[in-house]
A.B. asks: 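Here it is: the structure, laid out below.
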Amino acid sequence: MMNNTALTLDALREAYETGATPTDIVREVYRRIEAVGDPAIFIHLRPMEDVIAEAESLPAPADAHPLWGVPFVAKDNIDVAGIPTTAACPSYAYTPDQDAFVVGKLRAAGALVIGKTNLDQFATGLVGVRSPFGVPKNAIDPEIVPGGSSSGSGVAVGHGFVTFSLGTDTAGSGRVPAALNNIVGLKPSLGSLSASGVVPACRTLDTISIFASNVRDAFAVFQVACAEDTEDAYSKKIIAGQLTAAPTTCKVGVPDAKSRIFFGDTVQAASFAGNLEKLKSQGATIVELDFTPFYAVAEMLYEGAWVAERYTVVDDLMRDEPNALHPTTAKIIGAAKKLSAADAFRGIYRLKELERAAQALMDQVDLLCVPTIPTFYSVADLDADPVTPNSNLGTYTNFVNLLDMCGLAVPSKPRSDGRPGSITLLAPSGQDALVASYAAAFAGETVAATAINATDSEIAIAVCGAHMSGMALNQELTSLGGRLLEATRTAPRYRLYALAGGPPQRPGLLRIENGAKIDLEVWALPKAAVGSFLEGIPSPLSIGTVELENGPLVHGFLVESTGVQGADDITHLGSWRKFQQLENAIAAEHTD
């Protein structure tokens, strides 16, 4: 059953509705693994009987568990209870007694973990060849590197073994394997997926990533896994949001002609140009940007503070067992021994300067589009030079986590030579749903516009200021029984103001014909509590109708046109939260 059929979420649901069982699917997974016959994909493959036993004890009903009977694999730097975690280093191995936070969330939703996959040792590399457990063969062309560090996870989905897999991403490890194996790679906002139970590479930059054969499946897994974890100091309260029909207009920033880098690969250059033409045909306005600041950020990832951060994970091992590490891995991480605390701070200061320059570019567009990789490399290329090709593969990925962006690599039309094409869409932290919605549209995946799902006893209200999650007045909603529906943005027909007067400072959202998209949240408030809430709204604010970027109309805060006299126009920030962060930073500087 399901022979040669993609194990997508839709296909699995249809199979289960027509009589298939999770046991049938598990047997098919193992049949596919055996048929491919590449032992380097897995570091630990669970006995099929163990997975079948788990499948037969899945809780009912299936429709209450969004990933019921869905097979997946996890990179072997992510804990699965009872299975050794090696990070591709046998001397480092330990056996956890509980699942990583994200693995636990997925299994609670009904997903079935098949095994642990190979990786570049300690998640240091973008090529997938730095492992004592062998080199997984690329799912498209065995001559090409599989991509790393999430090599086995990318290849497993590329072969169609499983519906999705978990990787990790620090420098591009959740995106490069996607491009090389013709699949989707979702790299979420930092902190949205807990790192509890994950062996760190750079703890301040790491995130679990998700591979799947299509955007909708990857995002559905993200929605299940996205949750704040109080045990992870770097976990954040980020709302996954909803996958929606993408807006018909969008400003997409791309490297200009002078800053496009392909290392002489004219076929890759032509592929990217063709993808930009496709974006334009779908309504995008292409904005060419000088990507120099982004490349400067990328160069910092393997210099100074962040190499030293990798060293914190393995310093004892390198001291006690210097031969335990792969030679290339040891050379890269060992460079940290020459760095001082002063070097780390210099790197942090330099990054802040570059962030400012990069933000000025990002403020001009809705999102960025880059080639996922600049060119292809073979396994033989890496045998000849284990460092340079790896560095080159990170051209369009290394800067992303340092700038706290979210991104999604999505397949495109094959190149003229038949190799897979791929682009990556990028946006600031928290815009995961926006990126995925554009990626789905690019890939031709049909997504219906999302309704605002307030019940009959509730009213949906859009808030754009201090009533948002984690801000000063949010308790006015929560205390009345309000619940968050989604984090989204307005249609591009609004301006945002910091109104005169106060304290407290108040935002004003004003509708105009040619405006911008402004961040907001939509909350469901019990109808019985609406009156109490409205009593607290001061003039010149009022409740009107707000148009969201994906089409729906919803009640929300607006300001009267006379109320913006003497106000500061902060539309360029796109968010009251960003304005407050800026104000707090200025206040801190004055205090110092």
Side-chain angles (χ1 to χ4, degrees), residues 189 238-239 241-242 244-253 285 287 359-368 405-406 427-435 437-438 449-450 452 460-474 477 484-500 502 504-523 537 540-561 563-564 567-584:
S189 298
I238 291 178
I239 306 301
Q242 299 290 330
T244 66
T248 55
T249 59
C250 175
K251 291 182 179 179
V252 179
T285 299
V287 181
Q359 186 62 52
L361 296 174
M362 291 161 58
D363 286 344
Q364 301 176 38
V365 297
D366 296 304
L367 71 163
L368 301 178
M405 305 175 77
C406 57
S429 176
Q431 297 295 330
D432 303 82
L434 174 69
V435 168
S437 296
Y438 275 107
T450 302
I452 303 303
I461 296 178
V463 297
C464 64
H467 285 96
M468 292 194 294
S469 302
M471 302 194 74
L473 300 182
N474 184 243
L477 287 169
L484 181 64
L485 294 177
E486 68 170 330
T488 183
R489 298 194 296 179
T490 68
R493 283 177 276 280
Y494 294 87
R495 298 202 73 80
L496 183 64
Y497 295 87
L499 301 182
Q505 291 178 304
R506 292 175 296 162
L509 187 67
L510 181 67
R511 184 182 175 95
I512 64 172
E513 186 59 30
N514 295 309
K517 298 177 182 180
I518 305 299
D519 290 352
L520 50 71
E521 293 179 352
V522 181
W523 284 74
I537 300 176
L541 300 178
S542 62
I543 294 291
T545 300
V546 177
E547 181 182 359
L548 304 184
E549 68 172 346
N550 54 0
L553 301 176
V554 63
H555 298 298
F557 278 92
L558 293 172
V559 65
E560 300 168 7
S561 57
V564 300
D568 294 328
D569 188 336
I570 58 172
T571 306
H572 64 286
L573 296 175
S575 164
W576 183 254
R577 199 183 299 274
K578 289 182 181 178
F579 170 71
Q580 289 285 280
Q581 291 170 348
L582 182 61
E583 291 290 288
N584 292 339

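The first residue of the sequence shown is numbered 1, and numbering continues consecutively from there. Fair warning: this is a prediction, and the values are worked out from it, not measured in the lab.
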A.B. asks: Output yes when a side-chain donor or acceptor of Asp366 lies under 3.5 Å from a complementary backbone atom of Cys250, and no otherwise.
C.D. replies: no
A.B. asks: Start with the C-alpha gap between Met362 and Met405, add the side-chain angles, then the distance that decides, and say whether side chain to side chain contact (heavy atoms under 4.5 Å, CB included) holds.
C.D. replies: CA-CA 11 Å; Met362 291 161 58; Met405 305 175 77; 3.7 Å; yes
A.B. asks: Using atom types as modelled and distance alone, determine if a side-chain donor or acceptor of Ser189 lies under 3.5 Å from a backbone N or O of Gly430.
C.D. replies: yes
A.B. asks: Kindly indicate whether the side chain of Val463, heavy atoms from C-beta on, has any atom under 4.5 Å from the side chain of Leu520.
C.D. replies: no
A.B. asks: Report yes if the side chains of Glu521 and Arg577 come closer than 4.5 Å at any heavy-atom pair, otherwise no.
C.D. replies: yes
A.B. asks: CG/Leu573 to CG/Asp363 distance, rounded to the nearest 0.5 angstrom?
C.D. replies: 7.0 Å
A.B. asks: What pair of heavy atoms forms the shortest contact from Ile543 to Ile461, and how long is it?
C.D. replies: CD1-CG2, 4.4 Å
A.B. asks: Is the shortest side-chain heavy-atom distance between Val554 and Leu548 below 4.5 Å?
C.D. replies: yes
A.B. asks: Using side chain to side chain contact (heavy atoms under 4.5 Å, CB included), reason through Leu367 and Val252 one step at a time and then give a plain yes or no.
C.D. replies: CA-CA 5 Å; Leu367 71 163; Val252 179; 4.0 Å; yes
A.B. asks: Salt-bridged, Arg495 to Asp569, with N to O below 4.0 Å?
C.D. replies: yes
A.B. asks: Run the side chain to side chain contact (heavy atoms under 4.5 Å, CB included) test on Ile238 and Asp432 for me, step by step, so that the C-alpha distance in whole Å, both residues' side-chain angles and the decisive distance to 0.1 Å come before the verdict.
C.D. replies: CA-CA 9 Å; Ile238 291 178; Asp432 303 82; 4.3 Å; yes
A.B. asks: Closest approach of Ala460 and Leu485, non-hydrogen atoms and distance?
C.D. replies: CB-CD1, 4.1 Å
A.B. asks: Taking C-beta and beyond as the side chain, do Thr285 and Val365 meet within less than 4.5 Å on heavy atoms?
C.D. replies: no
A.B. asks: Let me know which of Arg489, Arg493, Lys517 forms a salt bridge (charged side-chain N to carboxylate O under 4.0 Å, His left out) with Glu547.
C.D. replies: Arg493
A.B. asks: List the steps, then state whether side chain to side chain contact (heavy atoms under 4.5 Å, CB included) holds for Thr571 with Ile518.
C.D. replies: CA-CA 7 Å; Thr571 306; Ile518 305 299; 4.1 Å; yes
